**Q** 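Before I ask anything, here is the structure I am working with.
Basis for what follows: all heavy atoms, side chains included, without hydrogens, waters or symmetry-related copies. Just so we're clear, the structure is a prediction, and the values are computed from it rather than from any experiment.
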Amino acid sequence: WIVDRYIKQLKLNKIGLKGQAKIEKSKVLVVGVGGLGSAVLPYLISSGIGTVGIVDGDNVELSNLPRQVIFNEDDIGFAKVDRAYNKLKKINNQTKIIKYNSFINDDNVKEIFKNFDIIVDATDSINMRYLINDACVQLKLPFVYGAVYKFQGQVSSFNYNSGPTYRCLFPNQEGIVENCEDAGVLGSTVGLIGMFQLNEVIKIILKFENVLSGKLLIYNTLLSTQYFFNFKKSEQKKVKEISESNYISYNKADKIKNTLFLDVREKNEIPKINLKKGVNIPLNELSIKNKLLKKSKNIVIFCQSGKRSKIALDLLKKNKFLNLKLMSENAIEISRIINKK
């Protein structure tokens with residue numbers, strides 16, 4: 001069955017059965033299920049990658065559809081990772097797909113990344129790329145970078161075999177750089193750069209030569225031109241130390257005595273979650289109503305995507321709350337866990 005499915009790949013003398021076995025054992029995480037992620041993910045799955053992770057805290061919007069081709073009109077308003085998961089599973093049910101319906105941040109990035117061999121940056125955020133880079137350096141993981149600006153795209157593989165990192169090429173984090181939402185982008189440009197990223201992933205897995213380590217590929221889709229920019233590792237470029245995770249799973253937190261689950265969503269948000277040890281205080285009321293909470297409690301905070309819970313954690317810290325954790329699952333996942341019990 002495996003031979004029949006991957007026969008065209010197996011015929012390549014650089015892959016064969018041994019190469020396909022390496023592909024099946026690999027674990028690849030794609031950060032961002034946007035334009036680049038939509039291009040990379042279906043081919044990762046169809047190539048036979050053993051485990052694929054997807055992490056994104058956004059919902060599908062109408063303006064996503066021209067370039068995020070994994071989605072359609074029926075997906076609007078729903079979580080990207082949930083809709084992507086359902087479609088990707090139909091491509092290849094032999095691939096294990098792990099979804100994280102949240103944005104990566106200082107608290108969860110290492111906890112998520114440690115489960116994978118290669119990280120694919122499919123974001124459009126400068127700050128996110130520094131976070132991805134620093135986590136990969138600390139965990140000794142390669143990450144495949146892709147970025148699009150108008151009709152131009154860039155691709156490179158950072159921290160490959162302890163090679164040059166993102167900070168070696170872009171040492172300064174300061175400055176304003178337009179993302180595709182501000183500058184505009186064409187779907188075909190995003191798709192092409194995503195394919196270059198996928199190619200880098202396969203090259204890294206199979207240990208091919210000419211991985212784009214120390215090289216930045218710059219492709220202009222309007223002019224159909226490409227060139228390479230070479231760069232070296234800079235030992236002076238230090239990474240930001242990322243602390244251990246502040247996240248905890250629902251099941252683990254539920255077993256801890258003196259735990260209070262704090263839901264910072266609005267009161268009319270669905271799904272409705274009634275926890276015996278829970279309380280709902282919307283984020284916009286928390287600065288006043290935090291006085292209702294006991295500082296002796298172990299407080300575990302959750303919301304829909306993870307954004308508001310992180311803000312709530314910072315707010316409570318400023319008000320001298322010490323025993324704080326963020327829920328690793330979002331409201332939808334918590335609801336599913338509770339309903340299974």
**Q** With sequence neighbours excluded, what pairs up with Asn323 under the side-chain contact (heavy atoms from CB on, under 4.5 Å) test?
**A** Asn298
**Q** Do the non-hydrogen side-chain atoms of Gln152 and Thr189 ever get within less than 4.5 Å of each other?
**A** no
**Q** What closest approach, in Å, do Ser287 and Lys291 show between heavy atoms, and which atom pair accounts for it?
**A** O-NZ, 4.3 Å
**Q** Under the rule for side-chain hydrogen bond (donor to acceptor under 3.5 Å, both in side chains), what residues qualify as partners of Lys215, not counting sequence neighbours?
**A** none
**Q** Would the distance check show the side chain of Ser234 and the main-chain N or O of Cys168 forming a donor-acceptor pair, the cut-off being under 3.5 Å?
**A** no
**Q** Provide the full list of side chain to side chain donor-acceptor pair (under 3.5 Å) pairs with a residue in residues 69-79, sequence neighbours left out, each pair given once.
**A** Asp75-Arg83, Asp75-Lys87
**Q** Keeping the roles fixed (side chain from Asn330, backbone from Gly306), state whether a donor-acceptor pair exists under 3.5 Å.
**A** no
**Q** With sequence neighbours left out, write down each residue that passes salt bridge (charged side-chain N to carboxylate O under 4.0 Å, His left out) with Lys114, or none if nothing qualifies.
**A** Glu111
**Q** Run the ring pair (Phe, Tyr, Trp, His ring centres under 6.0 Å) test against Phe261 and tell me which residues pass, sequence neighbours left out.
**A** Tyr250
**Q** So do the side chains of Leu275 and Asp254 get within less than 4.5 Å of each other, counting heavy atoms only?
**A** no
**Q** What's the shortest heavy-atom distance between Phe143 and Cys136, and which atoms?
**A** CB-SG, 3.6 Å
**Q** So that I can tick it off, tell me whether Glu285 and Lys267 are bridged by a salt bridge, with the cut-off set at under 4.0 angstrom between side-chain N and carboxylate O.
**A** no
**Q** With Gln226, which residues qualify under side-chain hydrogen bond (donor to acceptor under 3.5 Å, both in side chains), at least two apart?
**A** none
**Q** How about Asn86 and Lys90: do any of their side-chain heavy atoms sit closer than 4.5 Å?
**A** no
**Q** What closest approach, in Å, do Val81 and Ile54 show between heavy atoms, and which atom pair accounts for it?
**A** O-CD1, 3.6 Å
**Q** Between Tyr130 and Tyr166, how do the two ring planes meet: parallel, tilted or perpendicular, split at 30° and 60°?
**A** perpendicular
**Q** Is Asn290 reaching over with its side chain to a backbone N or O of Leu286, donor-acceptor style, under 3.5 angstrom?
**A** yes
**Q** Pair up each side-chain donor or acceptor in residues 191-209 with any protein partner under 3.5 Å, not counting sequence neighbours, and list the distances.
**A**
{"unit_1": "Gln197", "atom_1": "NE2", "unit_2": "Asp121", "atom_2": "O", "d": "2.9"}
{"unit_1": "Gln197", "atom_1": "NE2", "unit_2": "Val144", "atom_2": "O", "d": "3.3"}
{"unit_1": "Glu200", "atom_1": "OE1", "unit_2": "Ser157", "atom_2": "OG", "d": "2.8"}
{"unit_1": "Glu200", "atom_1": "OE1", "unit_2": "Leu212", "atom_2": "N", "d": "2.8"}
{"unit_1": "Glu200", "atom_1": "OE2", "unit_2": "Lys203", "atom_2": "NZ", "d": "2.5"}
{"unit_1": "Lys203", "atom_1": "NZ", "unit_2": "Asn210", "atom_2": "O", "d": "2.8"}

**Q** Can you classify the ring geometry of Phe231 versus Phe158 as parallel (below 30°), tilted (30 to 60°) or perpendicular (above 60°)?
**A** tilted
**Q** If the condition is side-chain contact (heavy atoms from CB on, under 4.5 Å), which residues does Glu61 pass it with, not counting sequence neighbours?
**A** Ser63, Asn64
**Q** Gln154: what forms a side-chain hydrogen bond (donor to acceptor under 3.5 Å, both in side chains) with it, not counting sequence neighbours?
**A** Tyr145
**Q** Just to verify, what does Asp314 make a salt bridge (charged side-chain N to carboxylate O under 4.0 Å, His left out) with, not counting sequence neighbours?
**A** Lys310
**Q** Is Asn161 reaching over with its side chain to a backbone N or O of Gly163, donor-acceptor style, under 3.5 angstrom?
**A** no
**Q** Distance-only criterion, 3.5 Å: show the donor-acceptor pairs between side-chain atoms of residues 20-36 and protein atoms not counting sequence neighbours.
**A**
{"unit_1": "Gln20", "atom_1": "OE1", "unit_2": "Gln9", "atom_2": "NE2", "d": "2.7"}
{"unit_1": "Gln20", "atom_1": "NE2", "unit_2": "Ser47", "atom_2": "O", "d": "3.2"}
{"unit_1": "Ser26", "atom_1": "OG", "unit_2": "Ile23", "atom_2": "O", "d": "2.6"}

**Q** Considering non-hydrogen atoms only, spot the tightest contact between Ser46 and Ile91 and give its length.
**A** CB-CG2, 4.0 Å
**Q** Take atom NZ of Lys89 as the centre, draw a 6.0 Å sphere, and report whether it contains more than 12 heavy atoms from other residues, nucleotides or ligands.
**A** yes
**Q** Apply side-chain contact (heavy atoms from CB on, under 4.5 Å) to Leu292 and list each qualifying residue two or more places apart in sequence or on a separate chain.
**A** Lys289
**Q** Which pair of non-hydrogen atoms, one from Lys277 and one from Ala253, has the smallest distance, and what is that distance?
**A** NZ-O, 4.4 Å
**Q** Tell me the closest heavy-atom pair linking Lys99 and Glu333, and the distance in Å.
**A** O-OE2, 4.4 Å
**Q** Test your reading of the model: is there a side-chain donor-acceptor pair from Asn319 to the backbone of Leu315, 3.5 Å cut-off?
**A** yes
